[in-house]
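In this text the structure is predicted, and so the values were computed from the model without any measurement.
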Amino acid sequence: MIARITLTVAGLAALVVGAAQLLAPVGFHELSGLPAVTDPGSLSEARAVGAGIVAAGAGILAGALRPALTRVSAMVGAGFYLAFGVGRVVGVAVDGVPPGGLVGALVTEVVLGLACGVVVLRSRGTR
């Protein structure tokens, strides 16, 4: 039950964030406290990352819906969220502290990544 809840929350969070970045990249960046990107190249990059996040979210959510995919989906979730968290920590170390919304994102990513990691560890020995 905990695995399903964890993967549902992690998957839906990625789907929502990814969809926002894919469909409304200008507003998404402004909401994060960043300057709006308006040139076609930056918008293309933002949308591409958003689509990737949507795909990861779907993969994570699949494990909540199909028990046979729980372990692999949790691995995807742990890798996905912890990679974003580590990237943000490197950014803090190299570039300084970002706007508050992005610090919140860092904390959320690390928490969701660790929660997915717990699901991986608890699902050892199962399919």
Can you give each donor-acceptor pair under 3.5 Å made by side-chain atoms of residues 88-114, sequence neighbours left out, with the distance rounded to 0.1 Å?
residue: R88; atom: NE; partner: E109; partner atom: OE1; Å: 2.7
residue: R88; atom: NE; partner: E109; partner atom: OE2; Å: 3.1
residue: R88; atom: NH2; partner: E109; partner atom: OE2; Å: 3.1
residue: T108; atom: OG1; partner: G104; partner atom: O; Å: 2.9

Query - Check: G59 main-chain N/O paired with S73 side-chain donor or acceptor under 3.5 Å - result: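 Checking the backbone N and O of G59 against the side chain of S73, a donor-acceptor pair under 3.5 Å is found.
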Query raised in the report: Is the side chain of S44 donor-acceptor paired with the backbone N or O of P40 at a distance under 3.5 Å, no angle test?
Result: no
Over all atoms of both residues, closest heavy-atom pair of [X] and [Y]:
X   : Y    : answer
T70 : A3   : CG2-CB, 4.0 Å
I60 : L7   : CG2-O, 3.6 Å
A14 : G57  : CB-CA, 3.5 Å
A56 : V76  : O-CG1, 4.4 Å
A78 : C116 : N-CB, 3.4 Å

Query raised in the report: Could you give all pairs that pass the ring-ring contact (aromatic ring centres under 6.0 Å, His included) test and reach residues 61-82, with sequence neighbours left out?
Result: F80-F84
Requested in this report: Would you mind listing every ring-ring contact (aromatic ring centres under 6.0 Å, His included) that reaches into residues 17-41, with sequence neighbours excluded?
Outcome: none
**Report entry** Residues that R47 engages under side chain to side chain contact (heavy atoms under 4.5 Å, CB included), provided they are two or more places apart
**Finding:**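 Testing R47 for side chain to side chain contact (heavy atoms under 4.5 Å, CB included), a comparison that skips the adjacent residues, returns L22, P25.
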Query raised in the report: Got V54 and Q21 here, is their nearest side-chain heavy-atom distance under 4.5 Å?
Result: no
Requested in this report: For the residue pair L15 and L61, establish whether any side-chain heavy-atom pair is separated by less than 4.5 Å.
Outcome: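 Contact flag for L15/L61 side chains = yes.
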Report task. Scan for salt bridge (charged side-chain N to carboxylate O under 4.0 Å, His left out) pairs involving residues 49-69, sequence neighbours excluded, and state none if there are none. Result ->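 Salt bridge (charged side-chain N to carboxylate O under 4.0 Å, His left out) check on residues 49-69 returns no pairs.
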Report task. Keeping to residues at least two apart or across chains, list the salt bridge (charged side-chain N to carboxylate O under 4.0 Å, His left out) pairs with something in residues 7-31. Result ->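 Sorted pair list comes back empty.
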Report task. Is it possible for you to say whether V26 and L31 belong to one hydrophobic cluster, with membership spreading through side-chain heavy-atom contacts below 4.5 Å? Result -> no
**Report entry** Worked check of side chain to side chain contact (heavy atoms under 4.5 Å, CB included) between R71 and V119
**Finding:** CA-CA 7 Å; R71 185 168 167 75; V119 172; over 6 Å; no
